[in-house]
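Structure record follows, encoded as structure tokens.
All values derive from a computational prediction rather than experimental measurement. Hydrogens, waters and symmetry mates play no part in the numbers below; they use all other heavy atoms, side chains included.
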Amino acid sequence: MGGIVTLGALTQYSWIKAAVSLMGSPAPVEFAEKQVEWVKENDSLPLDDKDVSDLLSTLRTFDLSLQPELLNNRPLMLWHGKKDQVVPFQPTYNFYATIYPTYDQKEHIYFMVDEEGEHKVPRPAILKTVEWFCRHI
């Protein structure tokens, strides 16, 4: 949950100067809704609909995709593997495509796409993360 938590932290803490999300989702509400749907189809969910609704309501507070203006042009690097079976690639890429035009300084927003990547961060992404933080902090 590191990438998801990092992106959620950007909604709460304006003092964060720069961030990197490695295979996280900026849309945890959408992600949670899909997980709940999957569990309901394949197993039993130990929560009723009101409980789920209440939890999703709380999660909305941390959903960066619902309040991208909170980025406020802070440097953000995203890494995601296209073959990730745990956290889907497309919602993260869609978020990037939406926020990229809003950045005044295009060098402050970067998406590193790993065409073959799954839910495991490879060494090149770690090295790029270090470089990103050295440049932006």
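Side chains of Leu10 and Leu70 form no contact here, defined as non-hydrogen atoms less than 4.5 Å apart. No side-chain heavy atom of Thr129 sits under 4.5 Å from any side-chain heavy atom of Trp79. In this structure the side chain of Ile126 reaches within 4.5 angstrom of the side chain of Leu22, judged on heavy atoms. Inter-residue side-chain proximity for His119 and Gln85 is flagged as unmet; no heavy-atom pair is nearer than 4.5 Å. Between Ser65 and Glu30 there is no side-chain heavy-atom pair separated by less than 4.5 Å. Two residues are said to be in side-chain contact when any heavy atoms from C-beta on lie closer than 4.5 Å; Asp114 and Pro122 meet this criterion.
Within the 3.5 Å criterion, the main-chain N or O of Gly117 finds no donor-acceptor partner in the side chain of Lys120. Looking only at distances, no side-chain donor or acceptor of Gln105 sits under 3.5 Å from a matching main-chain atom of Pro75. No donor-acceptor pair under 3.5 Å is formed between the side chain of Lys17 and the backbone N or O of Arg74. A donor-acceptor distance shorter than 3.5 angstrom exists from the side chain of Thr6 to the backbone of Gly2, with no hydrogens or angles considered. Side-chain atoms of Thr58 come within 3.5 Å of backbone N or O of Asp54 as a donor-acceptor pair. The closest donor-acceptor contact from the side chain of Thr92 to the backbone of Met23 lies at 3.5 Å or more, if one exists at all. Looking only at distances, a side-chain donor or acceptor of Gln67 sits under 3.5 Å from a matching main-chain atom of Thr61. Side-chain atoms of His80 do not come within 3.5 Å of backbone N or O of Pro91 as any donor-acceptor pair.
Other residues, nucleotides and ligands place no more than 12 heavy atoms under 6.0 Å from the CG atom of Asp49.
Residues Val36 and Leu55 share a single hydrophobic cluster, defined by chaining ILVMFWY side chains whose heavy atoms lie under 4.5 Å apart. Connection of Phe133 to Leu7 is not established within any shared hydrophobic cluster, with ILVMFWY side chains joined at heavy-atom distances below 4.5 Å, either directly or through further cluster members. By the rule that hydrophobic residues join a cluster once side-chain heavy atoms approach within less than 4.5 Å of another member, Val20 and Val113 end up as members of separate clusters. Taking hydrophobic clusters as Ile, Leu, Val, Met, Phe, Trp and Tyr residues chained together by side-chain heavy-atom distances below 4.5 Å, Val5 does not share a cluster with Ile16. By the rule that hydrophobic residues join a cluster once side-chain heavy atoms approach within less than 4.5 Å of another member, Ile137 and Met112 end up as members of one cluster.
Of all the heavy atoms in Thr11 and Asp63, the pair that sits closest is CG2-C, 4.1 Å. A pairwise comparison of heavy atoms in Val86 and Asp84 identifies N-OD1, 2.7 Å as the closest pair. The minimum heavy-atom distance linking Ile109 with Tyr100 is given by the pair CG2-CD1, 3.5 Å. Contact between Ala97 and Pro101 at its shortest, heavy atoms only, is O-CD, 3.2 Å.
A cation-pi geometry, defined here as NZ or CZ lying under 6.0 Å from the six-membered ring centre and within 45° of its normal, does not hold between Lys83 and Phe89.
Applying the side chain to side chain contact (heavy atoms under 4.5 Å, CB included) test between Pro28 and each of Val87, Leu66, Leu59 identifies Leu59 as the sole match.
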Stepwise salt bridge (Lys or Arg N to Asp or Glu O under 4.0 Å) check, Glu37 with Lys34
CA-CA 5 Å; Glu37 181 181 305; Lys34 289 186 187 315; over 6 Å; no
Take Leu71 and Thr102, measure what side chain to side chain contact (heavy atoms under 4.5 Å, CB included) needs, and give me the verdict at the end.
CA-CA 10 Å; Leu71 278 171; Thr102 70; over 6 Å; no
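Using cut-offs of 30° and 60° for the angle between ring planes, the Tyr96 and Phe111 rings count as tilted.
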